There are 2 protein chains.
Amino acid sequence: MLLRVFTPVRRRSVSDEVFDQLKARIVRGEMEAGASLPSERKLAELLGVNRGALREALKRLEQARLVSIQHGGTTRVEAFLDTAGMDLLTEMLFVEDGGIDTTVVRSVMEMRSALAPDIARLAALRATDDHKDALLDVVGQMESMARDRAARQRLAMTFWGTMVAASRNVAYRLAYNTLNRSYQQFFEVMTDVLADELDDLAAYRAIADAIDRGDTASAERRASALVSKGADQVFGLVDALEADTTKGTP
Amino acid sequence: MLLRVFTPVRRRSVSDEVFDQLKARIVRGEMEAGASLPSERKLAELLGVNRGALREALKRLEQARLVSIQHGGTTRVEAFLDTAGMDLLTEMLFVEDGGIDTTVVRSVMEMRSALAPDIARLAALRATDDHKDALLDVVGQMESMARDRAARQRLAMTFWGTMVAASRNVAYRLAYNTLNRSYQQFFEVMTDVLADELDDLAAYRAIADAIDRGDTASAERRASALVSKGADQVFGLVDALEADTTKGTP
DNA sequence: AGAGGTAAACTGGTCATACCAGTTGTCGGG
DNA sequence: CCCGACAACTGGTATGACCAGTTTACCTCT
């Protein structure tokens with residue numbers, strides 16, 4: 001962790017700031033779906049920014065399908081649960097006061113559990129020799145770092161990244177990019193939470209071997225078992241957190 | 001189809017046009033990853049647009065993670081397969097001359113097949129009474145339109161939308177929004193392609209019933225069987241298309 | 001009084017221009 | 001040869017004007 005003592009100063013531009021602020025307000029339900037935003041001129045004045053900077057933010061909100069803009073009409077808030085894409089997951093992970101939304105964490109882990117087995121199956125079906133070599137190599141590295149779980153965690157990310165590439169499924173690959181991004185926000189915490197999964201070196205080896213010999217059934221089964229370990233741990237954790245929360249606010 | 005005789009004139013703004021053009025060029029590989037774009041001033045002049053309009057497009061490309069912008073530095077093309085989100089699927093579906101990319105279609109259907117069973121399982125686990133009623137109602141409507149497949153296809157979309165909502169998994173819900181959007185671009189074609197699936201009214205009924213009584217195993221199994229029907233048809237079609245293509249260009 | 005149409009007053013969309021704020025490279029002095 | 005200051009880039013922000021749609025209110029005609 002010595003590498004991260006100094007957090008890089010992230011200079012945030014005005015339009016980024018505006019985008020994040022409006023996005024947060026919409027996702028937290030402070031502006032209900034269907035409601036009209038103030039006109040660009042008024043909103044820019046309210047926020048104390050230039051109209052151009054505001055427009056950059058609004059166009060991005062439109063692309064994220066959080067608002068819909070109509071030339072001549074007003075800009076309205078969308079029902080984002082029915083329109084937005086997975087990119088919103090990282091925003092929804094956090095609740096107002098810095099806490100995390102356990103239902104979102106559970107959702108992400110459920111999706112991971114559903115996708116990983118099929119990714120492994122397809123990888124066994126379609127992996128090129130390069131992919132196979134890369135997988136076996138990564139697993140070898142993991143085995144050589146049996147005592148450093150955090151290092152293996154980073155290698156596991158490489159492992160799954162290679163798996164997704166080997167599956168040759170572009171939908172999985174793009175979904176993985178987004179899921180991975182939300183995962184990285186909890187990277188340090190996950191080192192302990194996913195201990196059972198990360199310590200199961202035999203499973204990673206078995207998956208790589210199965211893919212190497214094109215054994216789809218075995219790859220699928222082993223991958224399912226592996227990610228279930230981490231998922232079960234996370235489910236237990238979020239269940240406990242939810243029990244605490246409901247108990248704490250009677 | 002009488003309702004759609006007149007296609008609404010979709011006035012496209014300058015910044016939308018620029019965004020689409022640059023996005024297409026990047027996705028088609030005409031600008032390789034890591035390459036620098038011309039400066040905003042030059043690019044605006046090349047495109048014949050104002051710098052502000054160009055910036056709106058560039059900020060959207062950055063949000064889609066197709067480019068990375070650095071204050072003071074140059075704007076560079078990203079390796080979008082490793083960065084972009086699922087929203088890019090709709091763009092990648094189409095190849096330069098208007099044809100479709102069969103590998104993308106296959107990817108989407110594979111993802112659908114992987115997610116649908118788990119969505120059904122979770123729906124059986126978590127559906128509220130309102131969700132159950134809505135599902136049973138939709139299935140009832142489908143059964144009453146046994147002869148109009150296109151109408152049932154629209155109802156099937158409602159069915160799955162309700163299923164996803166009932167699963168209470170926000171990751172599935174957001175992914176569904178994106179997948180559904182790409183699906184709707186082929187809506188008319190799919191009426192025939194998915195005939196086997198859409199005609200299996202008993203399956204929809206079985207799933208709704210299983211969810212109504214909280215039978216997770218049955219819901220999962222029936223959903224898996226149902227979507228497999230459509231997937232198999234699509235796989236057969238794209239396999240044939242690919243065989244034609246490779247044969248046509250020796 | 002009601003229906004119709006027209007104009008004014010909104011809304012977002014585009015533009016030109018200037019300047020601020022970073023980064024990069026170059027050139028001169030130590 | 002090293003190093004620091006200064007151009008000359010780059011993107012970021014701001015102002016103000018005008019274009020292009022939509023909505024509304026009012027006025028006219030039936």
Side-chain angles (χ1 to χ4, degrees), chain A residues 6-23 25-26 31-78 80 83, chain B residues 6-23 25-26 31-78 80 83:
Chain A
F6 295 100
T7 302
V9 285
R10 191 165 303 166
R11 276 171 281 269
R12 301 169 49 73
S13 74
V14 171
S15 81
D16 288 354
E17 202 83 46
V18 171
F19 174 73
D20 282 344
Q21 180 176 336
L22 293 176
K23 179 175 66 171
R25 291 197 58 179
I26 293 171
M31 320 185 78
E32 62 181 337
S36 284
L37 265 59
S39 74
E40 292 182 355
R41 292 168 178 83
K42 286 181 186 172
L43 191 49
E45 188 183 354
L46 287 174
L47 294 167
V49 303
N50 180 272
R51 191 177 158 210
L54 170 64
R55 274 186 60 82
E56 288 181 5
L58 287 176
K59 289 293 272 186
R60 290 174 62 193
L61 288 171
E62 182 187 37
Q63 186 186 345
R65 301 183 204 278
L66 296 177
V67 306
S68 70
I69 305 176
Q70 185 191 15
H71 187 180
T74 61
T75 298
R76 293 176 178 278
V77 178
E78 290 266 26
F80 64 89
T83 56
Chain B
F6 295 101
T7 302
V9 284
R10 191 166 302 168
R11 278 171 280 270
R12 300 171 49 74
S13 73
V14 171
S15 80
D16 288 354
E17 202 83 46
V18 172
F19 174 73
D20 283 344
Q21 181 176 335
L22 292 176
K23 179 176 66 170
R25 292 197 58 178
I26 293 172
M31 320 184 79
E32 61 181 337
S36 284
L37 266 60
S39 74
E40 292 182 355
R41 291 166 178 83
K42 286 182 185 170
L43 192 49
E45 189 183 355
L46 287 173
L47 294 168
V49 303
N50 181 271
R51 193 178 156 209
L54 170 64
R55 274 187 59 83
E56 288 181 3
L58 286 177
K59 288 293 273 186
R60 289 174 62 193
L61 288 171
E62 182 187 35
Q63 188 187 345
R65 302 182 203 278
L66 296 177
V67 305
S68 69
I69 305 176
Q70 185 191 16
H71 187 179
T74 61
T75 298
R76 292 175 179 280
V77 178
E78 290 266 26
F80 64 89
T83 57

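Chain letters run A, B, ... following the sequence lines, proteins first, then strands; residues in each count from 1. This one's a predicted model, so the numbers in the text were calculated from it and none came from an experiment.
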Treat primed atoms plus P, OP1 and OP2 as sugar-phosphate and everything else as base, then score nucleotides 13-20 of chain C 5' to 3': B for base contact with protein heavy atoms under 4.0 Å, S for sugar-phosphate contact only, - for none. BBBB-BB-
Between [atom2] of [N] and [atom1] of [X], the distance in whole Å:
{"X": "A:F19", "N": "D:dG12", "atom1": "CZ", "atom2": "C1'", "answer": "18 Å"}
{"X": "B:E45", "N": "D:dT10", "atom1": "CD", "atom2": "C1'", "answer": "16 Å"}
{"X": "A:L54", "N": "C:dG12", "atom1": "CG", "atom2": "P", "answer": "9 Å"}
{"X": "B:R76", "N": "C:dT23", "atom1": "CZ", "atom2": "C1'", "answer": "12 Å"}

Electrostatic pair A:R65-A:E78, nearest N-O below 4.0 angstrom: no
Over all atoms of both residues, closest heavy-atom pair of [X] and [Y]:
{"X": "B:V77", "Y": "B:M31", "value": "CG1-O, 3.7 Å"}
{"X": "B:V67", "Y": "B:L58", "value": "CG2-O, 4.0 Å"}
{"X": "B:A53", "Y": "B:S15", "value": "O-CB, 3.5 Å"}

Please report the C-alpha distance between B:E45 and B:K42 in whole Å, then the side-chain angles of each, then the deciding distance to 0.1 Å, and finally whether the salt bridge (Lys or Arg N to Asp or Glu O under 4.0 Å) criterion is met. CA-CA 5 Å; B:E45 189 183 355; B:K42 286 182 185 170; over 6 Å; no
Test side chain to side chain contact (heavy atoms under 4.5 Å, CB included) applied to B:L37 and B:L43, B:I26, B:I69, the passing residue: B:L43
For C:dG12 and A:T74 - does any side-chain N or O of the residue sit under 4.0 Å from the phosphate oxygens OP1/OP2? no
